[in-house]
Amino acid sequence: MRRLLPATVVLLALAGVTAACGNGTVGAATTTSTSGATAEAGSLRGNGSAVATGAHCGKREVGLARRLSSGATWRMCLQIDAKRGMVLREVALTPPGGAVTTIAHDLSLAQLEVPYDTGARLTEDITSAGFGGLKMQDLGTKECAGELVTLPVPTIGDGSQFGEIQHRKVVCSEVTDAGLSYRSSESGKVLAARKDQWTLSTVSKVGWYEYVTRYTFGADGTISPDLGATGDLSPVDWTASAAKGASVGNGDDEHAASHSHNAVWRVHWALGKGPLAVEQYDASPTGKIGKESPLVDGGLQRLGHATTADRASRRWWRVVNPGNHNADGHPVSYEIDLGATDSFELTEDRLHGAHHGYDVAFTNYDACEVFATGNDETCGDGVPDYVAGDTAPLTDVVSWIAVGFHHVPRDEDQSPMELHWQGFRLVPRDLTATRFDVPSSRTGRNGQPDTYEGEPLDELTDVPGSN
Ligand SMILES: [Cu+2]
């Protein structure tokens, strides 16, 4: 189990949710620690000092905020949607000493498709079953070593029009140790620091599987969306074919069917105010060798219109605000880091005539475009339709991020199944001119230095062990 940090930062706050809302049933939001204490709403207490959250949350939302080890503060509004499950809204980050910046207007899962390799089953767990409503599980001390947050859980949509709203402890909020933040030794002195992170998670039981929706907010400004799966293998998806599954019982006759967990997340970006842009970075070796190493040329290319894109070596994307610069004069951006993923083509897209999957797609925001497939709205069935129908320049950017896991069952999946994870990271790129928490001895270090360990650089061209 991860070590739980002392409550250096607590909090929970909220704005706009203290009044009754929803079907007139919502009371003030509270959180309850697993030790039974209830967090005080309305202020953020970091290191003993109260900080207003400044969140402006809507009806059926709860405002949350945390100050982390770097001194950065995250704040956001949280809601539970019957289909999408946990939805994060107006996610804002205040670097230490900096101004608050809204990073994303909206962040949630947009689909989870599970096609079985036997061809016998395809589930769309977001648009069919839904991660919210009765599928969303109450949590206790086993699932949550931090604080439990009570949220309105609507059974239909966002609860604004139909269904019931239950108030249940469905979100776990934990601040945990996140390991080493940096280490750098200079002139025999070691500078090193650890960091913490803030995690929000829910559990949704869909059939035999139980899915953990998890968002981790780093002290360095990174957002890590992840989907975990546990529960049990499908008891009805077994096959005689060794090519379509793996034997997890005694011998080699019966195979639990292999299948894919095709997850797509939707991020509606903000990055402050003003029109945004999307850029793809690529780098390739030129084929020439320099004095010691191959020459590589790389650069950013603007993706001017809605598009899908695929992973490639040395390729990444960023969403950038060309009108919002950091103190170094660089436009503020966030990088989409897919990490390890099994690329996929959504089966529903293929059935609808799309010929090509994607790892990431970019479109202009449209409130009607919510799900990656099965959207079932006049604006299109899914992402390929959105891209095809979106001819305006990309400025109000939504990214659709596809992260797949081809699950070949193994003996250890019985029983219950060990949690397996898939996800990606959103990493600040030039949000601030330097790292958030510059130690005092490194203050002013920005750009190529004149000296290293007191030596002029021109005497350092052949430092032993340098690279
Ligand atoms: Cu699986």
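Start at 1 and go down the list; that is how both ligands and their atoms are numbered. Remember, it's a predicted structure, so these values are computed and weren't measured experimentally.
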Exactly one candidate in Q422, E113, Q111 meets side chain to side chain donor-acceptor pair (under 3.5 Å) with N262; the answer is E113

Angle subtended at the Cu ion (ligand 1) by Y209 OH and H259 NE2, to the nearest 10 degrees, is 90°

Requested in this report: Mark yes or no for whether N364, through its side chain, and T395, through its backbone, hold a donor-acceptor pair below 3.5 Å.
Outcome: yes

ask   = Looking at W316, does the NZ or CZ of R429 lie under 6.0 angstrom from its six-membered ring centre and within 45 degrees of the ring axis?
value = yes

- Task: Establish, yes or no, whether the cationic atom of R214 lies under 6.0 Å from the six-membered ring centre of W421 and within 45° of the ring axis.
- Result: yes

Atom name of the N, O or S atom of H407 nearest to the Cu ion (ligand 1) is ND1

*asked:* Below 2.8 Å, can you find an N, O or S atom of H420 next to the Cu ion (ligand 1)?
replied: no

